[in-house]
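Sequence lines set the chain letters: A, B, ... in the order given, protein chains first and strands last, and positions in each chain run from 1.
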Amino acid sequence: MKKNLALLVLIIFLFLLPILVGKYLLYMTIHILLLSLFALGFNLLFGYTGLLSFGQAGFYAVGAYACAKVLLVVPSLLAGIFGGLVVAGVAALVLGILCIRHTRIYFSMLTLSFGMMIFSLAWKWRDMTGGDDGLVGIPRAPLEIPGLLKLNMTPMENYYYVVLIFSLLAIYLFHRLVNSPLGLTLRGIRDSETRAACVGISVVNYRLLSFTIAGVYAGLAGALLPPLENTVTPPVAHWSHSAEPVLATLLGGIYSFSGPIVGAFLFYIIKDIIVRFTEYWLICLGVIVLILVLGFRGGVVSIWERKGGQG
Amino acid sequence: METLAFQGLVGLSLAMYLWLLAAGLTIVFGVLGVLNFAHGSLFMLGAYFAFTFYGLWGVNFWLSIILSLLTVAVVGYLMERLFLRYIYHLDHAYQLLLTFGFILIFDDAVKMVWGGVAKIPAMPSFFEGTVSFWQRPFPIYNLFIIGAGILVALVLWLLFEKTWWGRIVRASASDREMASAIGVNIPILFTGVFVFGAMLGALGGALGTPVRVVAPGIGAAMIIQAFIITVIGGLGNLKGAFVGAIIVGVVSAYGILLFPVFELFLIFVIMAVVLMVKPQGLFGG
Amino acid sequence: MKKWLGIISLLFIFLVSVSTPALAQKAPAKKPAAKPLGVEVIKFGGMGIMSGPLSICGRVIMMGAQLAIEEINAKGGILGSKCELKFMDDELKPAVGVKNVRYLVNEWGANFILGVDSSGVAMAIGEIMPEMDRIYISTHASTDRLTEELVWRKGIKHIFRTTVPTYQEAILPAMIFKDFTHIKRWAGINCDYEYGYVSWSLFKETLKKYRPDVEFVASTWAPFWTMDFTPHISAALAANPDAIFSTPWGGEGVQLIRQALIMGAFDKIQLWWHPTGATTDFLEAVTSEVRADKFKGKLWVSGRYIHNWLQTPENKGFVERFVKRWAMYPFHPGQGAYDAVYFVKAALEKTRSLKTSEVIKALEGMELTTPAGHKYMRPEDHQAIYPTPAGRPVHDPAYPIAVVGDFKMVPAKEYFRHPPFEPIKISK
């Protein structure tokens, strides 16, 4: 009960945000929401299924570029967002089939290489992706349901609400997903692959499903980017971008539902604050990573849980 | 025809350089089971220290290389003893994450100590000059790198195949528990192997100082190539790393000459193909 | 649940503490500031690459801007308001550049944005300047598209540039080397991104106009973070060129030329055009080679500002002050940033207002005597017009490092492009 009340307060706070904070913080919050979705999907693969992917940025990029391409032709926000996440999902399915039979290090290396292949494609295929300049002039298209409504998205506040609603829906969906038999199955596979197989679970199929869903979430996060920034450039596919959901999840807590979200918030805030005062933000982040891996592998959420009793 | 052959030679020198980078990485994985994301940073530190000794303090070039190796050995020792050894029992993921944290730390640390600007020392005079291959001048320096790479390969082969220490290391790599049971001091061995791997990485970096700049981030830029090589060859397999390096180096060189559009792409495609067809790598098993 | 309560309170405290400065800025001042411009401090937000092989270029932007601001503040500021600089790292990533600009303008309160090395970053931040309602002055990013396309064609009036764009790399050499009749075969070793494509294409296009007999025999492409150029150099040399055209810059340029030297390139070819070679870091790296005449007079360099070219009192004073302040000889991103600040000062003294539209009008057509010579801010595309020569690195006993000498001058009017700016066809 208390938990639900707290959640309600948080959601109300988020809906009131544009009135409470300045433009930059609003912009930052949108980015935090995007990273939350990105990290949430990543953690389905890592925390719940036990597969560490270093190539999620590839699907983020596919979602972003696909959305951009759609918006440049059809200026409808919903078309862009759904177009982006569907294409990303398909890409995840296809690449997943190639990756999923491998485990551990080899899986990580394969995902890394596929992510970087997408990066190379984005950089080199000038005619399609704009090359290193990226796609520019992407409109923040109106939210349009033909015959029903057409909302102008030019003010950032309006777009913030779209992102917020998509994020809340996606998080809710994720919650249902991981608390369903699917979630339990994934955890079973993570904990013991052989035992799961013995019980008759197709390990490969479930892993593939997990991989695809992770790709869809990455693609959704990516698809929400172009209307915000009006440009998409190749670094969104680089492995250093893949590292962000990894770090965020590690920071927040790998084995908890809210870990990636908390971690996304903390990761973004920490980097943003540090960068204002010093150029040496890498070492701060690195030290935090060390501390977390050595002492707090459950992340920040686990620290809260230890203090407040069972979560 | 001569162009192709010459480009292949250029690719070979590139490859030997990459071999120096990948050798330490694959040894550490083979014995400790740790894929050290920060191996490229140790390479970068080797370059920085060599630059400092040779370029800033005017120490003899060869002595600078040795001193740089020793300094990085200390760094490697501290890394292993104070941090790495506490996570051997954990999932590979945490080792990747911890060593990734080290990349971030090292990149800023070198920036703090040496500044963020790229630096290069004066060229040692004995490296100037070329040798003619197919009527084209090939730098003596690149010949030296090829020689150094082959020498290191030979030394490593001798070390691991023919010496007592090598036998113990190989035994511990294939069965840690058994080795421990017959009296091998695993913790000390691990530290030793990690330091050894770090020194190999540093050697690669140090040998590059005459023609490459040192700058923060060059380690992270190289680590992906090192991964690709070790994966292609088979993680933990030295012969595989040697062959993998040659493949990557030569393919890069030919890519630049013949397929400039695809060059960036090619190496990742090769890694993906190898992983899908033979997941343990060409020589892994 | 306590966990959730804890998270929410954390969120709340954080956002309140961070947003308070923003709210405070929104609140009207208790009493009106006594300064004509209406603020106590004029804030300049700067950006550049601060890390990696190219970082000297970002750092020198900061140095140039900082020097100008210190000089101005020592003389009482701009109409009594002091100046302040905040410099951030754009990591060569357009997304980071955009984020930094939003932070600098919306959170920190920047009145002007200056700097940026990467053309990609400049193009990205240029696009959002109307939304930010701020002027951005480029001091290095050299794609002609920033001025030709964004200002001239798209009408984004908020962008200005104090340094010459790729006209320097591409058109200037064509004007000079068209008379080198023995040079017929050119090979290119170029950056595998916008800057490299544009420079090479523009060079080929221009040279072909004067010398239809010229051939472009090879072209290789090096992405960011290329450490080893030997395969590129050997690929270029394999085509037996008379001359090589190269765009890799900063530390990458240093590596390229070093590696080319040991490959005996300077024995094989007649000429090497390295347009980013007048930068201090490059000249420092090749000092001993220049002293020993390793380049055999074949290396030609240029820069958007060359510190020892103009012997005017403005320039000599500037170089002296820069060296004293930063222990380094200035080169163009730094000098461009220095000029950017002084252009703003001149504009503000004219408008006596920070209103963006008025400052834009004041900057258009402005002429300023700077250390780089007389700069005219052309109103059509907001590009500063001024000449810089090409030359060769030489050993001059008056300087501890190599400098540029053997200057060859071409009037700016002849090598700057003019409206209506035909789009450049990118060809590899």
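For B/L104, the side-chain contact (heavy atoms from CB on, under 4.5 Å) criterion is met by A/L282, A/L285, B/F100, not counting sequence neighbours. Residues satisfying the side-chain contact (heavy atoms from CB on, under 4.5 Å) criterion with A/L52, sequence neighbours excluded, are A/F42, A/F46, A/F54, A/S108, A/V246, B/A93, B/L96. The side-chain contact (heavy atoms from CB on, under 4.5 Å) check on A/I288 picks up A/L251, A/I270, A/L292, with sequence neighbours excluded.
With a 4.5 angstrom heavy-atom cutoff, A/L250 touches chain B only via side-chain atoms. With a 4.5 Å cut-off on non-hydrogen atoms, A/W281 touches chain B through its backbone but not through its side chain. Both the backbone and the side chain of B/L235 come within less than 4.5 Å of a heavy atom in chain A. For B/L35, the part lying under 4.5 angstrom from a heavy atom of chain A is the side chain only. For a residue to count as touching a neighbouring chain, one of its non-hydrogen atoms must lie under 4.5 Å from one of that chain's; by this rule B/Y86 touches chain A with the side chain only. Proximity to chain A (any heavy atom under 4.5 Å) is shown, for B/L275, by both the backbone and the side chain.
When all heavy atoms are compared, the tightest approach of A/G253 to A/N43 is O-ND2, 4.3 Å. A/G96 and A/L208 get closest at one heavy-atom pair: C-CD1, 3.4 Å. Across all non-hydrogen atoms, the minimal contact from A/V236 to A/A61 is CG2-CB, 3.7 Å.
Ring geometry for A/F257 against A/F174 counts as tilted: the plane angle lies between 30° and 60°, on a 0 to 90° scale.
Within residues 188-200 of chain B, no residue has any heavy atom less than 4.5 Å from a heavy atom of chain A.
A salt bridge does not link A/D191 with A/R187: none of the charged nitrogens is closer than 4.0 Å to a carboxylate oxygen.
Counting heavy-atom pairs under 4.5 Å between each of A/I105, A/L112, A/L121, A/L247 and chain B puts A/I105 at the top.
B/F29 has its ring centre no less than 6.0 Å from the ring centre of B/H39.
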